[in-house]
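What follows is a short report on a single structure.
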Amino acid sequence: MNEKVKDYFKSQRNLEVMPDATVMGQGGDPGCGDYIELYLKINNDRITRATAMVAGCPYAIATTSAFTELITGKPLDDAMLISGDDVVEHLGSLPEEKIHCSLMGPEALRNAVHNYIMARICTPFSVPRKPTL
Ligand code: FES
């Protein structure tokens, strides 16, 4: 584990639940244990805050922590272009067998953006509960 990965693992950034998040997206597979929940605060289609909860190895913690930093402040379009390779590059390097850990952030972001778009499209119109007389 290189020094930068170690730093992100030991001094985790933004790894907490965000109760007032605009949207949440999941990455990984809760069934096998490698899993993240990515919370986004979105303002005018820009990510103003990103946090995450991680169940996974130290590399999953470090890569997810780095991913929240990389996407914060970015318009959704730009954030969507940040890949697992960008996370690995930011951290310097990862062992080959740990590369998949860096993919959960981008996957969770895709799911969060999907949820965000669906919530905007599918906002229910208001229906009166009682018929008006
Ligand atoms: Fe599975 Fe890192 S999350 S090895």
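Order of appearance sets the numbers: ligands from 1, and atoms from 1 within every ligand. Side chains are part of it too, since the values below use all heavy atoms of this structure and drop only hydrogens, waters and symmetry mates.
Clustering of Ile, Leu, Val, Met, Phe, Trp and Tyr by side-chain heavy atoms under 4.5 Å joins Val17 with Met18, Met24, Tyr39, Met53.
The side chain to side chain contact (heavy atoms under 4.5 Å, CB included) check on Ala60 picks up Val54, Cys57, Cys101, Met104, with sequence neighbours excluded.
The distance between the ring centers of His100 and Tyr59 does not fall below 6.0 angstrom.
Ion pairing between Asp7 and Arg13 holds under the 4.0 Å rule for side-chain N and carboxylate O.
Excluding waters, the set of protein N, O or S atoms lying under 2.8 Å from atom 1 (Fe) of ligand 1 comprises Asp34 OD2.
At a cut-off of 3.5 Å, with distance as the only test, no side-chain donor of Thr51 or Asn14 sits close to an acceptor on the other residue.
Applying the salt bridge (Lys or Arg N to Asp or Glu O under 4.0 Å) test to every pair with at least one member in residues 23-43, sequence neighbours left out, gives these pairs: Asp20-Lys41.
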